[in-house]
Amino acid sequence: MLNRYARAFFTKLLTPVAVTFIRLGISPDVVTVIGTLGVTFGALAFYPRGQFFVGTLVVTAFVFSDTVDGIMARRIGRSGNWGAYLDSTLDRVGDAAVFGGLVLWYAGNGGNAYMAALALACLILGSVVSYAKARAEGLGMTANVGIAERADRLVTVLVATGLTGLFGIPTVFLGVVLALLALASLVTVVQRILEVRRQALVAP
């Protein structure tokens with residue numbers, strides 16, 4: 001949903017940043033890698049210590065590199081398979097770091113096995129959502145369906161985690177959000193499986 005409705009807004013907002021990077025001679029690949037390193041650092045340096053708000057600020061500061069690198073690639077005519085591959089692969093690293101950081105906190109000093117399990121479920125199911133689409137495309141089919149795409153999941157968990165850290169909202173709030181994200185991811189996986197099955201059955 002966010003991919004469809006927010007992409008145009010953020011593209012317009014971040015285009016000046018992309019243009020500046022191009023003028024400085026920075027390549028889209030460098031932006032992709034640095035963005036992933038920043039997201040990973042923010043999630044794994046702060047979330048496992050229970051510093052949710054600071055961690056979310058750091059992650060958010062770098063997460064928009066995912067849009068900036070795409071704008072840069074299109075402007076300099078370097079959009080292609082390599083950039084798409086690198087971007088998608090490193091997206092999985094960043095996503096895993098965010099949910100993995102929550103798992104580490106709740107499995108450690110956070111002392112809440114249920115929350116750790118929910119965060120782990122989000123991590124695993126989120127990876128399966130992405131794999132279901134990638135595998136379909138590798139077989140010459142598409143799986144562009146689902147109620148919980150990557151942007152939806154990432155924005156939701158960052159907002160919920162940041163608010164929890166900023167206002168000290170009870171853990172149950174983040175727990176409900178993680179449970180809904182896990183459920184939405186599971187539904188998305190099923191939707192994509194059914195979509196690929198439909199295409200496979202009608203293929204010659």
Heavy-atom count around Arg75 CZ within 6.0 Å, excluding the residue itself: above 12?
-> no
If you look at every heavy atom in Met115 and Leu178, which pair is closest and at what distance?
-> CE-CD1, 3.9 Å
Kindly work out whether a path of hydrophobic side-chain contacts (I/L/V/M/F/W/Y, heavy atoms less than 4.5 Å apart) joins Val68 to Val155.
-> yes
Does Tyr114 OH have over 12 foreign heavy atoms under 6.0 Å away?
-> no
Any residue meeting side chain to side chain donor-acceptor pair (under 3.5 Å) with Gln51, in chain and number order, not counting sequence neighbours = none
Residue pair Leu158 / Thr56: nearest heavy atoms and the distance that separates them = O-CG2, 3.4 Å
From Thr15 OG1 over to Met72 CE, what is the distance, rounded to the nearest 0.5 angstrom?
-> 11.5 Å
Is there a path of hydrophobic side-chain contacts, each under 4.5 Å between heavy atoms of I, L, V, M, F, W or Y residues, that connects Leu102 with Val128?
-> no
Across all chains, not counting sequence neighbours, the side chain to side chain contact (heavy atoms under 4.5 Å, CB included) partners of Leu37 are Val33
With sequence neighbours excluded, tell me which residues meet ring-ring contact (aromatic ring centres under 6.0 Å, His included) with Phe46.
-> Phe41
What heavy-atom pair brings Thr40 and Ala97 nearest, and what distance separates the two atoms?
-> CA-CB, 3.8 Å
Is a side-chain donor or acceptor of Arg192 paired with a backbone partner of Ala143 at a separation under 3.5 angstrom?
-> yes
Determine, step by step, whether Leu174 and Tyr106 satisfy the side chain to side chain contact (heavy atoms under 4.5 Å, CB included) criterion, reporting the C-alpha distance in whole Å, the side-chain angles of both residues, the deciding distance to 0.1 Å, and the verdict.
-> CA-CA 12 Å; Leu174 183 56; Tyr106 285 113; 3.6 Å; yes
Does Ala84 offer a backbone N or O that forms a donor-acceptor pair with the side chain of Asp87 under 3.5 Å?
-> no
State plainly whether one hydrophobic cluster holds both Phe10 and Val17, where clusters connect Ile, Leu, Val, Met, Phe, Trp and Tyr through side-chain heavy atoms under 4.5 angstrom apart.
-> yes
When rounded to the nearest 0.5 angstrom, what is the spacing between NZ in Lys133 and CG in Asn144?
-> 4.5 Å
Check for a donor-acceptor pair, side chain of Ser27 on one end and backbone N or O of Val30 on the other, with a separation under 3.5 Å.
-> yes
Any chance you could measure Thr171, atom OG1, to Asn112, atom CG, to the nearest 0.5 Å?
-> 6.5 Å
At their closest point, which heavy atom of Trp105 faces which heavy atom of Tyr47, and how far apart are they?
-> CB-O, 3.2 Å
Does the side chain of Ile76 reach to within under 4.5 Å of the side chain of Pro28, using non-hydrogen atoms?
-> yes
Qualifying side chain to side chain donor-acceptor pair (under 3.5 Å) pairs with a residue from residues 182-191, counting only residues at least two apart or across chains = none
Residues that Ser130 engages under side chain to side chain contact (heavy atoms under 4.5 Å, CB included), provided they are two or more places apart = Arg92, Arg153
What pair of heavy atoms forms the shortest contact from Leu118 to Gly175, and how long is it?
-> CD1-O, 3.5 Å
Answer yes if Ile169 and Val54 sit in the same cluster of Ile, Leu, Val, Met, Phe, Trp and Tyr residues linked by side chain heavy atoms under 4.5 Å apart, and no otherwise.
-> yes
Test log, rule side chain to side chain contact (heavy atoms under 4.5 Å, CB included), inputs Phe53 and Phe167 = CA-CA 9 Å; Phe53 182 63; Phe167 297 111; over 6 Å; no
Out of Val93, Thr60, Asp66, Val59, which one pairs with Val39 under the side chain to side chain contact (heavy atoms under 4.5 Å, CB included) rule?
-> Val59
Hphob cluster co-occupancy, Ile22 + Leu13, side-chain heavy atoms under 4.5 angstrom = yes
Nearest heavy-atom approach of Phe52 to Thr161 is CB-O, 3.4 Å
Residue from Asp95, Leu181, Val159 passing side chain to side chain contact (heavy atoms under 4.5 Å, CB included) with Leu154 = Asp95
Approximate separation, where rounding is to 0.5 Å, of Asn109 CG and Leu104 CG = 10.5 Å
Distance from Leu90 atom CG to Ser65 atom OG, nearest 0.5 Å?
-> 9.5 Å
Is there a salt bridge (Lys or Arg N to Asp or Glu O under 4.0 Å) between Arg198 and Glu195 once you walk through the steps?
-> CA-CA 5 Å; Arg198 182 190 64 78; Glu195 173 63 15; 2.7 Å; yes
Given the rule in the side chain to side chain contact (heavy atoms under 4.5 Å, CB included) test, do Ile34 and Phe62 qualify, once you have shown the distances and angles that lead to the verdict?
-> CA-CA 8 Å; Ile34 291 178; Phe62 285 96; 4.2 Å; yes
Sort and list the pairs that fulfil salt bridge (Lys or Arg N to Asp or Glu O under 4.0 Å) and have at least one residue in residues 16-36, not counting sequence neighbours.
-> Asp29-Arg78
Hey, could you give me the CG/OG1 distance between Asp69 and Thr32, rounded to the nearest 0.5 Å?
-> 3.5 Å
Given Val177 and Val157, is the side chain to side chain contact (heavy atoms under 4.5 Å, CB included) satisfied, shown in steps?
-> CA-CA 7 Å; Val177 172; Val157 72; 5.6 Å; no
